[in-house]
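Just so you know, ligand 1 is whichever comes first in the structure, and atom 1 is the first atom listed for that ligand.
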Amino acid sequence: MRNGFFITFEGIDGSGKTTQSRLLATLLRDYGHDVIHTREPGGSDGAEDIRRLLVEGDAGRWSAETEILLFTAARRDHLERTIQPAIAAGKVVISDRFADSTRVYQGAARAELRSTVDQLHDLMIGREPDLTFIVDMDPETALTRGLARQSGEDRFEDMGLAFQIKLRAGFLDLAAQFPDRCHVINGDQSPASVSGEIQTVVEQWLS
Ligand code: TYD
């Protein structure tokens, strides 16, 4: 059995990726894998502390440049403390968001800072997932869903619909840049249909 691999879920706010990443974790556990389900920003004690700085408060609290540094600092801790040790121990790591979110949110949608994001990634992270699912869906539906949750973590949702539309385009561009690992899944269908599509891709990849 293939072990020690890294799968990520990406998409705009409210796209349903959290539900889907959890369903995949359950499926892979049923197949006998030792699975860690984690998330960004967060996924380790230090990164969860940084998360609160990023997702709470006013939309204008940080510049895009400062956000890149904070997200990368959180990711470095997450990688050192959670992701790398788990993969080295032969576990499957499923992360709800990873570096693609920085490429799209800070590198393309908030500002055109993709080369800054890439340089910092090469210096401090230097790791890509083996497989990435981009859950694609209508930004208006997703935003309504995201805001309805009233999570108190709405800093990015508060940037509005035009921002979510830019994000969607950014994720689709990104999928075209990394065609080997990125799979775009239509999120505008029932959760069971979405998870069925994901299952098919994972089973093919595992075989
Ligand atoms: P998340 O907890 O995935 O929120 P949601 O469940 O609403 O999708 O992520 C928190 C927010 O942080 C989300 O709005 C996306 C944003 N984000 C970035 O802007 N850059 C990043 O690198 C990451 C990881 C997240």
Next item on the list: Specify side chain, backbone, both or neither for R155, according to which of its non-hydrogen atoms lie closer than 4.0 Å to ligand 1.
Entry: neither
Check: Under 6.0 Å between the ring centres of F71 and H121?
Finding: no
Next item on the list: Quick one: look up the protein heavy atom nearest atom 11 (C) of ligand 1 and list residue, atom name and how far away it is.
Entry: F156 CD1, 3.8 Å
Notebook entry, point to check: Hey, what do you get for CD (E67) to CG (L54), rounding to the nearest 0.5 Å?
Noted result: 6.5 Å
Notebook entry, point to check: Can you tell me which residue and heavy atom of the protein come closest to atom 19 (O) of ligand 1, and the distance to 0.1 Å?
Noted result: Q106 NE2, 2.9 Å
Notebook entry, point to check: So which protein heavy atom does atom 2 (O) of ligand 1 come closest to, and at what separation?
Noted result: R51 NH2, 2.8 Å
Next item on the list: Start with the C-alpha distance between F9 and F98, add both sets of side-chain angles, then the distance that settles ring pair (Phe, Tyr, Trp, His ring centres under 6.0 Å), and finish with yes or no.
Entry: CA-CA 8 Å; F9 280 75; F98 189 64; over 10 Å; no
Notebook entry, point to check: Can you tell me which residue and heavy atom of the protein come closest to atom 3 (O) of ligand 1, and the distance to 0.1 Å?
Noted result: R97 NE, 2.7 Å
Check: Which word best sums up how the rings of F163 and F156 line up, parallel for under 30°, tilted for 30 to 60°, or perpendicular for over 60°?
Finding: parallel
Notebook entry, point to check: Is any NZ, NE, NH1 or NH2 atom of the basic residue among R39 and E48 found under 4.0 Å from an Asp or Glu carboxylate oxygen of the other?
Noted result: yes
Checklist line | Protein heavy-atom partner closest to atom 17 (N) of ligand 1 - residue, atom, separation in Å | finding: F71 CZ, 3.3 Å
Item checked: Proximity winner for atom 14 (O) of ligand 1, if only heavy atoms of V104, T8, D13, T102 are counted -> D13
Margin query: Taking atom CZ as the centre, does R181 end up with more than 12 heavy-atom neighbours from other residues, nucleotides or ligands that are less than 6.0 angstrom away?
Written below: yes
Next item on the list: Indicate, as side chain, backbone, both or neither, the part of R149 found under 4.0 angstrom from ligand 1 when only non-hydrogen atoms are considered.
Entry: side chain
Notebook entry, point to check: Does a sphere of radius 6.0 Å around CG in D122 hold more than 12 heavy atoms from other residues, nucleotides or ligands, not counting ones at 6.0 Å or beyond?
Noted result: yes
Notebook entry, point to check: Looking at atom 10 (C) of ligand 1, what's its closest protein heavy atom, distance included?
Noted result: V55 CG1, 3.6 Å
Note to self: Test of understanding: given a 4.0 Å heavy-atom threshold, classify the contact between E157 and ligand 1 as side chain, backbone, both, or neither.
What the structure shows: side chain
Check: Taking the non-hydrogen atoms of R75, is any one of them nearer than 4.0 angstrom to ligand 1?
Finding: yes
Notebook entry, point to check: Quick one: does G146 get a heavy atom under 4.0 Å from ligand 1?
Noted result: no
Next item on the list: Look at D58 together with R155 and state whether they make a salt bridge at an N to O cut-off of under 4.0 Å.
Entry: no
Notebook entry, point to check: When only distance counts, is K17 in polar contact with ligand 1, meaning an N/O pair under 3.5 Å?
Noted result: yes
Note to self: Using a 3.5 Å distance criterion without hydrogens, assess whether the side chain of T144 forms a donor-acceptor pair with backbone atoms of E140.
What the structure shows: yes
